[in-house]
Asker: 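Below you'll find the structure I mean.
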Amino acid sequence: MADPKGFLNHGREVAKSRPVDVRLKDWNEVYVPGSLLPIISKQASRCMDCGIPFCHNGCPLGNLIPEWNDYAYREDWAAASERLHATNNFPEFTGRLCPAPCESACVLGINQPAVTIKNVEVSIIDKAWDSGDVAAQAPERLSGKTVAVIGSGPAGLAAAQQLTRAGHTVAVYERADRVGGLLRYGIPEFKMEKRHINRRIEQMRAEGTRFRTGIEIGRDLKATDLKKRYDAVVIAAGATTARDLPVPGRELNGIHQAMEYLPLANKVQEGDFVTPPITAEGKHVVVIGGGDTGADCVGTAHRQGAASVTQLEIMPQPGEDRAPNQPWPTFPMLYKVTSAHEEGGERVYSVSTTHFEGDEDGNVQFLHLTEVEFIDGRLTPKPGTERKIPAQLVTLAMGFTGTDRENGLVDQFGLDLDERGNIARDADFQTNVPGVFVAGDAGRGQSLIVWAIAEGRSAARGCDRFLTGASELPAPIRPTDRSLMV
């Protein structure tokens, strides 16, 4: 323990954000560059090096948080980076995008603001990149075995890097034109600049991982042909089937799934478009869905110059403190103000969309809604609360229901599904088809980035053992593990 009184002497400080009127003029990350390093040693000193570090249980990767907090306090950045990478392939991703269940499980959080674990993590990895402490780790010898990884999101990238380092020849197949999956086209630039993905990809290329973009398994290349080419396959295709809203008027122009809207904004930042084919500029925007994807739509609409932005959520507004039925160290449902919400717009809770209204040209103009309440455990419309709001662009951010079935991947492999519609797997993350494994949201269902990386690492171990008979790769989770929540 670096400073036994650190948590007594220092309060919680987080990264400073750029002023709203400044950051809305660009797509750069919202935080002030370099604002963390001057305060991060003190923040790391607040870690109490608990006898039982519950933050380990809150994090599915089992990150060695007290250890790298201690190194960060001492400003031994190389050692901190080594401890960080011991359990996490991509800490610059999780340090920016993870909702930090580790902080919810922080022992200090019982009666004080938790340690800024996420900020310490991103400070360590950013310093490591700047100092040249992140190097390619090519395998000492090759196994002669080949593996295809389908999908280049966090689960696919983690599995590919682990298997490459184990000595296998790995090719990652991505249906989009660039590597990164939802990291590339689902996460807005203001939450994570894509240079962070690019340099990891270059590291993986240097280690020997190969990437094949613009190839969708099931359509461009049959799954059966892929299996013949490789000794094993890891499916990390995500849960990309979006939940729809089947109400009258859904067919009107201007109503889009979030994953139709957000990628186009990212493609502008990649230089593919000057103006996105779907834009919020000058429009009244309604975002249906109160989660992180909905917040991403809100922040994107602000930067595109929306006339107004309204976010709708069918559930009641969460409280600002833990509910009695969500005790420490579980992950609580709290009212969260993201950087996008700081930038403006209105958030409306306990409402349900009844129908859309369009103009004579078939373009959406209004959204009709009603307030809802729980009666006998069911959400029920409240009579007399119906109203309409202007809506010239509507994005549906209501989550995902499972992996894509339309491209043929599941049927061509002959994969079994579980009761939730996800690809079924055994304790080694292997499907009913020998040599075919599944990692990430395709097997778990919609989840967090930190779970995706943990899944990729665990599936890599199962795949490695299938190929060689044994494996020394770590497996931080089992397929049946779930978040620490009630």
Side-chain angles (χ1 to χ4, degrees), residues 27-30 90 92-99 149-158 172-198 200-201 211 213-214 216 236-244 256-273 276-280 285 287-304 311 338-340 393-404 407 439-442 444-453 455-456:
W27 292 81
N28 299 333
E29 290 180 7
V30 301
F90 314 117
E92 66 270 41
F93 301 167
T94 52
R96 287 174 167 83
L97 304 175
C98 182
V149 175
I150 304 173
S152 66
L157 292 178
V172 179
Y173 287 82
E174 168 57 52
R175 64 181 178 181
D177 57 346
R178 293 181 178 89
V179 175
L182 287 184
L183 291 172
R184 174 74 64 180
Y185 286 134
I187 301 298
E189 191 86 358
F190 59 83
K191 285 181 67 174
M192 187 181 74
E193 295 171 11
K194 300 307 175 276
R195 59 188 176 88
H196 300 297
I197 304 175
N198 296 340
R200 275 297 177 186
I201 299 306
F211 294 93
T213 57
E216 183 171 11
T240 56
T241 302
R243 183 174 284 108
D244 212 336
H256 305 275
Q257 290 289 350
M259 286 303 127
E260 296 172 345
Y261 172 62
L262 292 173
L264 296 175
N266 281 354
K267 281 180 171 289
V268 172
Q269 305 311 308
E270 297 282 2
D272 296 346
F273 301 116
I278 303 172
T279 180
V285 178
V287 178
I288 301 179
D292 287 339
T293 302
D296 293 344
C297 292
V298 170
T300 299
H302 287 321
R303 283 161 179 76
Q304 291 178 342
Q311 186 176 18
T338 70
S339 64
L393 172 64
V394 178
T395 61
L396 307 180
M398 303 181 298
F400 302 88
T401 60
T403 195
D404 190 347
N407 61 11
D441 291 1
R444 174 170 293 272
Q446 180 183 346
S447 190
L448 305 177
I449 182 174
V450 69
W451 280 94
I453 296 174
E455 287 250 343

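Because the structure is a prediction, the values reported are computed rather than measured. Just so you know, these numbers use all the heavy atoms, side chains as well, and skip hydrogens, waters and symmetry mates.
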Asker: Indicate yes or no for a side-chain donor-acceptor contact from E193 to the backbone of N28 under 3.5 Å, with no hydrogens or angles considered.
Answerer: no
Asker: For Q304 and A265, which heavy atoms make the closest approach, and how far apart are they?
Answerer: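 Scanning both residues completely, I find the closest heavy atoms to be NE2-CB, 3.8 Å.
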Asker: So, using ring-ring contact (aromatic ring centres under 6.0 Å, His included) as the criterion, who are the partners of F190 when residues are at least two apart?
Answerer: none
Asker: In the structure I gave you, are the side-chain heavy atoms of I150 and R175 within less than 4.5 Å of one another anywhere?
Answerer: no
Asker: Would you check if the side chain of Q446 reaches a backbone N or O of T401 as a donor-acceptor pair within less than 3.5 Å?
Answerer: no
Asker: What heavy-atom pair brings N266 and G186 nearest, and what distance separates the two atoms?
Answerer: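 In this case the closest contact between N266 and G186 is ND2-N, 3.9 Å.
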Asker: Within the structure provided, determine whether F90 and H196 are in side-chain contact (heavy-atom separation under 4.5 Å).
Answerer: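 Of all side-chain heavy-atom pairs linking H196 with F90, none is under 4.5 Å.
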Asker: Got a second to check how far E92's CD is from I197's CD1, nearest 0.5 Å?
Answerer: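 Going from CD on E92 over to CD1 on I197, the span is 9.5 Å.
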Asker: Looking at E189 and K194, does any basic side-chain N land under 4.0 Å from a carboxylate oxygen?
Answerer: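 A salt bridge is present here (some side-chain N lies under 4.0 Å from a carboxylate O).
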Asker: I need the F400 CZ to R243 CZ distance, nearest 0.5 Å.
Answerer: 9.5 Å
Asker: Indicate yes or no: at least one non-hydrogen side-chain atom of V298 is less than 4.5 angstrom from one of V287.
Answerer: yes
Asker: In Å and rounded to the nearest 0.5 Å, what is the CG to NE2 distance from L264 to H256?
Answerer: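 One gets 9.0 Å once the value is rounded to the nearest 0.5 Å.
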Asker: As an exercise, state the distance from CG of L182 to CD1 of I449, rounded to the nearest 0.5 Å.
Answerer: 10.0 Å
Asker: Kindly give the heavy-atom pair with the smallest separation between A237 and A442, and that separation in Å.
Answerer: N-CB, 4.2 Å
Asker: Could you tell me whether the side chain of T241 and the main chain of G402 form a donor-acceptor pair under 3.5 Å?
Answerer: yes
Asker: To check you understand the geometry: which heavy-atom pair defines the closest contact between P263 and A258, and what is its length?
Answerer: CD-O, 3.9 Å
Asker: Take Q311 and V285, measure what side chain to side chain contact (heavy atoms under 4.5 Å, CB included) needs, and give me the verdict at the end.
Answerer: CA-CA 8 Å; Q311 186 176 18; V285 178; over 6 Å; no
Asker: Could you pull out the closest heavy-atom pair between P188 and T300, with the gap in Å?
Answerer: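 It is CG-OG1, 4.0 Å.
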Asker: When you look at T395 and I288, which way does the side chain to side chain contact (heavy atoms under 4.5 Å, CB included) test go after all the steps?
Answerer: CA-CA 6 Å; T395 61; I288 301 179; over 6 Å; no
Asker: I want to check something: taking the side chain as every heavy atom from C-beta on, are V450 and L97 in contact at a cut-off of under 4.5 Å?
Answerer: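 Side-chain contact under 4.5 Å: no.
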Asker: Quick one: does any side-chain atom of E174 pair with a main-chain N or O of A176 as donor and acceptor, under 3.5 Å?
Answerer: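 Side chain of E174 to backbone of A176, a donor-acceptor pair under 3.5 Å: yes, one is there.
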Asker: Do the side chain of S152 and the main chain of G180 share a donor and acceptor less than 3.5 angstrom apart?
Answerer: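 Yes.
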Asker: Checking D441 side chain against T403 main chain: does a donor-acceptor pair fall under 3.5 Å?
Answerer: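 The answer is no, because no donor-acceptor pair under 3.5 Å joins these two groups.
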Asker: Under 3.5 Å, side chain of R303 to main-chain N/O of G299, donor-acceptor pair present?
Answerer: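 Here the side-chain-to-backbone pair exists.
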Asker: Between the main-chain N or O of G440 and the side-chain N or O of E455, is there a donor-acceptor pair closer than 3.5 Å?
Answerer: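 A pair under 3.5 Å: yes.
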Asker: Decide yes or no on side-chain hydrogen bond (donor to acceptor under 3.5 Å, both in side chains) for R184 and N198, but give the supporting numbers first.
Answerer: CA-CA 10 Å; R184 174 74 64 180; N198 296 340; 2.8 Å; yes
Asker: Using the rule given for side chain to side chain contact (heavy atoms under 4.5 Å, CB included), can you reason through K267 versus D177, listing the C-alpha separation, both sets of side-chain angles and the distance that settles it, and then say yes or no?
Answerer: CA-CA 10 Å; K267 281 180 171 289; D177 57 346; 3.2 Å; yes
Asker: Check L448, L157, T94 against I453 for a side chain to side chain contact (heavy atoms under 4.5 Å, CB included) and give me the one that passes.
Answerer: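 The single option meeting the side chain to side chain contact (heavy atoms under 4.5 Å, CB included) with I453 is T94.
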Asker: Between K191 and D292, is there a salt bridge with N-O shorter than 4.0 Å?
Answerer: no
Asker: Begin with the C-alpha distance, continue with both residues' side-chain angles, and end with the deciding distance and a verdict on side chain to side chain contact (heavy atoms under 4.5 Å, CB included) for Q257 and M398.
Answerer: CA-CA 9 Å; Q257 290 289 350; M398 303 181 298; 5.6 Å; no
Asker: Do M259 and T293 come close enough that some side-chain heavy atom pair is under 4.5 Å?
Answerer: yes
Asker: Quick one: does I201's side chain get under 4.5 Å of F211's, heavy atoms only?
Answerer: yes
Asker: Can you see whether D296 engages Y261 through a side-chain donor-acceptor pair at a distance of less than 3.5 angstrom?
Answerer: no
Asker: Specify the closest pair of heavy atoms between G151 and V172, including all atoms of both residues, with the distance to one decimal.
Answerer: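 Smallest heavy-atom distance, with atoms named: O-CG1, 3.7 Å.
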